[in-house]
Amino acid sequence: MSLLTLLLSCSGGASDGDGPKANPRERTLVIAETADIQHLLPVIYQMATDSNVINNTNLVAVHPEFDCQLEYTPELYESWTWNEDHTELTVKVREGINWSDGVAVTGEDVQYTYELIGTPEVASPRLAYMDHMKGPPVLNEDGTVTFKYTHAYDEITMLAHASMPPVAKHSLLKADLATLRGHERDSDPLVTGVWKIETWEKNQRIVLVPNPDYSGPPEWKPKLDRVVIKIIPEYATQIVELENGEIDHMQQVLVADADRLRKSRPDIELKRRGWRSNDYVAWNALDSEDYKAKKAEVGEGETLDWATVKRHELFGDPATRVALTKAINAQKLIEDLLTGDDGTSYGQPSVSTITPSLCDTHNNDITPFAYDPEVAKAELKALGWEDRDGNGILENEAGTEFDFVLMTNSGNARRSKAAIIVQANLKDIGVHMEIEKLETSTFYERARKKDYDAILAGWSAGLFVDMTDIWHTGDQYEFNFTAYSNPEVDALIDAAINEPDAAKNNAMWKEAQALIYADQPYTFLYWMDEIVAVNNRFDNEKVDILSPYGDLRIWDVGTSPN
């Protein structure tokens, strides 16, 4: 996930959108985001904007750094220890940290957070974090909290599973757990961090200011006076505001614009994040109408056996999905969308949801299916799809045309262009595809409910290894949008997460990636070395694989003019 204003050109100041022009020395950072916040309770958030705001308004449990793998240092968790066989992790919550209402943060909040995650009515996307825990953590008499695991596995992943930002237990005691999405504390949560939300104008902007109730180490207090996150759905508007100085920070700058800005705007620094983001086409394995009906029968909070749901007429068969992948020219997408005018590539082929930056875990031995539309047509014909009436669209023997809707999120210029290329590729083999663009939160809600034929989307990849939430069979795993189910993959995931030896579990993760690729629940398109633009008046800016605007508390304004 996962997912800027004040300006400062040499010629003068800028407005953040609601007042006179600001002094370019004003200590404000303005960030552009495509989509608004959806959820601010850590147990239910799912979008990149949510994560970015949560992680800057709260002390994270452990502070991450990354170089081929995650490394953690203390933050809200002051310390942690393992028992001898590494099946128990005991964490000590930093003393003296208060919620923004003045109530102390305690181990009880940590315990309660995992109680919520494990409650079916909450439908937490992080439920997989508890798959290998013996229930919620135990609160000890000394205030520490012990996570008890069913077995030892990769230590970094175990700690990551135990490091959800906590929620304030006392603020949710009267909440209906089935309706946490929409609860007042989902939009106005108590926080522990150096920033707080001063203003949230839905679908317009979020204003962060230093939290006057912050009670942690004083050296962590922010240096800026304000951060404004402007919600600008359209890419074209973002790039205009960047060049006009109305925003300071823009994510996912298109390569062509980066080429132009590099030559014309020395005051705008272009940073590369690394291989964190990917795009894919996901094929729904289930008939969405039958899924909806069967889901209504079992009720919210209950899991549905996918075997009881009809398969999608077009995409339920792996052989069909493989043929479609061979008809999509992923290399052309990389050349057209992710290659600079000097030949610099900001993309590479994707074969997995494991980022290539996880050097020891990504399967580099998978050879992507070659683009070959003639082979794709032949394979579809062998499956019973051919143009029987001469109208240019394939039909099966029952007369059903190969006709579907590809859904994607609006405001993403790269995906809009990619969708058009995919549409043309598929037209060449007789497949008719319409494109539907939806507002981002609506798009992801429909994906979560499997209410689609195919989607063009992307992940901000996890930096610890656990493929459960996307690829393990089970309706409780909401990020498994495609209802992908392969018993061999399930067994490998279960075995890898049971294996503490890194060399052994990495071999299992690689095998699982190969099996998933062979089934093509996604047509994996590309990884992107995302380009982020930042006005160069800022110092100590942190833009990296971990976040497009991480550790906002250390950002500062430079002392020299642009």
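Throughout, numbering of the chain's residues begins at 1 and tracks the sequence.
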**Listed once per pair and sorted, the ring-ring contact (aromatic ring centres under 6.0 Å, His included) pairs that draw on residues 72-93, sequence neighbours left out** = Trp82-His86

**Complete:** Correct closest heavy-atom pair for Thr113 and Pro165 would be CG2-O, 3.9 Å

**Message:** Show me the pairs that pass salt bridge (charged side-chain N to carboxylate O under 4.0 Å, His left out) and involve residues 156-176, at least two apart or across chains.
**Reply:** Glu108-Lys169

**Request:** Using a 4.5 Å cut-off on heavy atoms from C-beta on, say whether the side chain of Trp275 contacts that of Asp529.
**Result:** yes

**Verdict with reasoning, Trp509 to Ile354, per side chain to side chain contact (heavy atoms under 4.5 Å, CB included)** = CA-CA 9 Å; Trp509 293 128; Ile354 300 291; 5.8 Å; no

**Prompt:** Quick one: does His151's side chain get under 4.5 Å of Ile497's, heavy atoms only?
**Reply:** yes

**Asked** Is there a donor-acceptor pair closer than 3.5 Å between any side-chain N or O of Glu75 and the backbone N or O of His63?
**Response** no

**Request:** For the residue pair Tyr153 and His161, categorise the inter-ring angle as parallel (less than 30°), tilted (30 to 60°) or perpendicular (more than 60°).
**Result:** tilted

**Request:** Starting from the C-alpha separation in whole Å, work towards a yes-or-no answer on side chain to side chain contact (heavy atoms under 4.5 Å, CB included) for Gln252 and Thr34.
**Result:** CA-CA 10 Å; Gln252 298 188 3; Thr34 300; 5.9 Å; no

**Message:** Tell me every residue that passes ring-ring contact (aromatic ring centres under 6.0 Å, His included) with Tyr114, counting only those two or more places apart in sequence or in another chain.
**Reply:** Phe147

**Side chains of Leu261 and Ile239 in contact at under 4.5 Å (non-hydrogen atoms)** = yes

**Asked** Would Arg226 and Glu198 pass as an ion pair if we require N to O under 4.0 Å?
**Response** no

**Asked** How about Asp556 and Phe538: do any of their side-chain heavy atoms sit closer than 4.5 Å?
**Response** no

**Message:** List the residues meeting ring-ring contact (aromatic ring centres under 6.0 Å, His included) with Phe479, not counting sequence neighbours, and say none if there are none.
**Reply:** Trp459

**Fill in**
CG (Leu177) and OG (Ser124) are apart, to the nearest 0.5 Å, by 12.0 Å

**Request:** With side chain to side chain contact (heavy atoms under 4.5 Å, CB included) as the test, would you mind laying out the steps for His39 and Met47 before giving the verdict?
**Result:** CA-CA 8 Å; His39 300 293; Met47 294 176 60; over 6 Å; no

**Prompt:** Between Lys295 and Glu478, is the closest basic N to carboxylate O distance under 4.0 Å?
**Reply:** no

**Asked** Looking at side-chain heavy atoms only, is the closest gap between Thr146 and Asn140 below 4.5 Å?
**Response** yes

**Prompt:** Do the side chains of Ile197 and Leu208 get nearer than 4.5 Å, heavy atoms only?
**Reply:** yes

**Item:** Partner residues of Tyr235 under the ring-ring contact (aromatic ring centres under 6.0 Å, His included) criterion, sequence neighbours left out
**Value:** none

**Request:** Could you tell me which non-hydrogen atom of Met130 sits nearest to which non-hydrogen atom of Gly135, and how far apart they are?
**Result:** CE-C, 3.6 Å

**Complete:** In short, Val105 meets Val93 closest at the heavy-atom pair O-CG1, 4.1 Å

**Fill in**
Only one of Asp101, Thr106, Asp109 passes side-chain hydrogen bond (donor to acceptor under 3.5 Å, both in side chains) with His170, and that residue is Asp101

**Request:** Tell me, please, which residues at least two apart from Trp471 pass ring-ring contact (aromatic ring centres under 6.0 Å, His included).
**Result:** Tyr484, Tyr522

**Asked** Which pair of non-hydrogen atoms, one from Leu546 and one from Pro64, has the smallest distance, and what is that distance?
**Response** CD1-O, 3.5 Å

**Prompt:** Any ion pair linking Arg415 and Asp279 (charged N to carboxylate O, less than 4.0 Å)?
**Reply:** yes

**Prompt:** Which heavy-atom pair separates Ala175 from Leu180 by the least distance, and what is that distance?
**Reply:** CB-CD2, 4.0 Å

**Request:** Determine, step by step, whether Asp494 and His472 satisfy the side chain to side chain contact (heavy atoms under 4.5 Å, CB included) criterion, reporting the C-alpha distance in whole Å, the side-chain angles of both residues, the deciding distance to 0.1 Å, and the verdict.
**Result:** CA-CA 9 Å; Asp494 293 341; His472 200 290; 3.1 Å; yes

